[in-house]
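As the structure lists them, so they are numbered: ligands from 1, and atoms in each ligand from 1. In this text the structure is predicted, and so the values were computed from the model without any measurement.
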Amino acid sequence: MTPPALPHALLISDLHLSPDRPDITAALLGFLAGPARAAESIFLLGDIFDYWIGDDTLDEPLHRQVVAAIRAVADASVTVAFMHGNRDFLLASEFAARAGASLLQDPTLMSLGGMPTLLMHGDTLCTDDVAYQAFRRQVRNPAFQQQFLGQPVEARRAMAGQARKASEGEKQTKSADIMDVAPSAVEAVLREHGYPRLIHGHTHRPACHRHEVDGHACERWVLSDWDRGGDCLRVDASGITRLPIPLPAQNGN
Ligand code: LP5
Ligand code: MN
């Protein structure tokens, strides 16, 4: 007989859901209808959506579908929490209420599988990416957000499209090192939070790193994006396991 599964949490990030990628949506829906139901809690660590321009888009077909699927997990007594990413930082209280999910601050320190674990999106660790950090300060400013959200949906969508395009262009000109986390930023955040285990996404470089900080050995687990298939991290009392999440084959692929 198979022993019952240990209580566990599942973490995912960087899906970048959009109407252009029904394969990624299908993979998420499979995850939410399947493995998520056996978890105690699931954590969506940012950039679930390719971009989010305000909760007044919740009735768009993709958003309705995804929110209903998350809600069904929450209604099955699984705790659902999400964190903002650099593309969906405008997810707000209406999204949380409809999805049955709570918003986590970045960073959040909590006990997972009995171990102190720090959850982050990961963008704030990329401190050598000075242009991005300046952009981040601008778009996280409440006055900027109020002004942005006051504009019509189509104007906001156009600006988000321009920002996405500019970002893809800028990334061609930046070195891989600049777009990765800065070791000094990782060390600082681990020191500040008492040398926990760290889990984050954003860099799209799945790995498990070991950092020695002030004589403490800390693991840093990095989630994958889902562009060519994703993953989730399963955390229980025995540690962390990476589980692949393949994308379904699409017609014409
Ligand atoms: O997201 P990704 O993986 O491509 O790259 C990120 C950083 N880029 C971003 C930008 C987002 O992709 C786009 C955000 C859409 C949000 C929609 C709502 C709010 C809209 C606000 C509109 C102004 O986060 C990228 C990092 C990379 O991660 C690795 O860490 O390098 O950073 C940048 O590319 C930032 C640029 O270096 C500097 C800023 C260029 C943006 C210019 C915006 C022009 C918009 C004009 C609107 C009128
Ligand atoms: Mn990101």
Side-chain angles (χ1 to χ4, degrees), residues 11-21 24 43-58 60 62-63 82-92 94-95 103-107 119-186 189 198-207 220-228 230-231 233:
L11 299 93
I12 59 176
S13 72
D14 301 284
L15 284 67
H16 309 142
L17 294 172
S18 87
D20 299 338
R21 292 298 302 269
I24 300 179
F43 294 90
L44 315 175
L45 288 189
D47 287 356
I48 299 308
F49 295 96
D50 195 36
Y51 59 77
W52 192 265
I53 54 172
D55 282 6
D56 55 347
T57 64
L58 273 163
E60 290 178 8
L62 172 70
H63 297 170
F82 69 101
M83 188 174 275
H84 286 151
N86 55 294
R87 301 191 195 181
D88 56 10
F89 55 85
L90 289 174
L91 286 167
E94 185 67 20
F95 168 83
L103 173 64
L104 292 177
Q105 292 309 303
D106 184 357
L119 305 180
M120 303 181 76
H121 176 59
D123 56 326
T124 54
L125 299 171
C126 301
T127 49
D128 293 337
D129 194 342
V130 178
Y132 168 66
Q133 296 301 337
F135 174 75
R136 188 180 193 280
R137 278 192 295 280
Q138 186 190 347
V139 297
R140 299 297 181 107
N141 180 310
F144 172 89
Q145 293 189 2
Q146 195 183 7
Q147 200 275 339
F148 180 78
L149 290 168
Q151 300 188 50
V153 168
E154 287 318 318
R156 277 180 269 153
R157 199 186 308 282
M159 281 190 271
Q162 283 179 45
R164 288 289 310 115
K165 210 167 155 193
S167 180
E168 292 305 323
E170 290 262 323
K171 286 192 295 186
Q172 302 299 318
T173 71
K174 292 179 186 172
S175 75
D177 268 6
I178 279 183
M179 291 189 286
D180 201 354
V181 301
S184 58
V186 172
V189 82
L198 170 59
I199 300 178
H200 69 84
H202 181 67
T203 59
H204 311 173
R205 298 174 207 215
R220 175 171 66 92
W221 288 80
V222 187
L223 284 153
S224 172
D225 65 297
W226 288 34
D227 189 43
R228 281 164 289 173
D231 64 17
L233 292 176

*Parallel under 30°, tilted from 30 to 60°, perpendicular over 60°: which one fits the rings of W52 and F49?*
tilted

*Q133 side-chain N/O to D128 backbone N/O, donor-acceptor pair under 3.5 Å*: no

_R21 side chain to D227 backbone, donor-acceptor under 3.5 Å_ = yes

*Are H84 and D106 close enough that a side-chain donor and a side-chain acceptor fall under 3.5 Å?*
no

*Listing residue and atom name, which protein N/O/S atoms are closer to the Mn ion (ligand 2) than 2.8 Å?*
D47 OD2, N86 OD1, H121 NE2, H202 ND1

*Picking from V181, V189, L223, what satisfies side chain to side chain contact (heavy atoms under 4.5 Å, CB included) with H200?*
V181

Need the list: ligand 1 N/O atoms against protein N/O atoms, distance under 3.5 Å, rounded to one decimal.
unit_1	atom_1	unit_2	atom_2	d
ligand 1	1 (O)	N86	ND2	3.0
ligand 1	1 (O)	R87	NE	2.8
ligand 1	1 (O)	R87	NH2	3.3
ligand 1	3 (O)	R87	NH2	3.0
ligand 1	3 (O)	K171	NZ	3.1
ligand 1	4 (O)	R87	NH2	3.4
ligand 1	4 (O)	R164	NH1	2.9
ligand 1	4 (O)	S167	OG	2.8
ligand 1	4 (O)	E168	OE2	3.3
ligand 1	4 (O)	K171	NZ	2.7
ligand 1	5 (O)	S167	OG	3.1
ligand 1	8 (N)	S167	OG	2.8
ligand 1	12 (O)	R164	NH1	2.7
ligand 1	24 (O)	N86	ND2	2.8
ligand 1	28 (O)	H202	NE2	3.4
ligand 1	30 (O)	H202	NE2	2.8
ligand 1	31 (O)	D129	OD2	2.6
ligand 1	31 (O)	K174	NZ	2.8
ligand 1	32 (O)	K174	NZ	3.4
ligand 1	34 (O)	S167	OG	3.2
ligand 1	37 (O)	E170	OE1	2.7
ligand 1	37 (O)	K174	NZ	2.8

*Please answer whether the main-chain N or O of N86 pairs with a side-chain N or O of D123 as donor and acceptor at a distance below 3.5 Å.*
no

*asked:* If we ignore hydrogens and angles and just use 3.5 Å, is the side chain of D14 paired with the main-chain N or O of H202 as donor and acceptor?
replied: yes

*asked:* Strictly below 4.0 Å, N to O, side chains only: are E168 and K165 in salt-bridge contact?
replied: no

*asked:* Can you tell me how far apart CG (D56) and NE2 (H63) are? Round to the nearest 0.5 Å.
replied: 10.5 Å

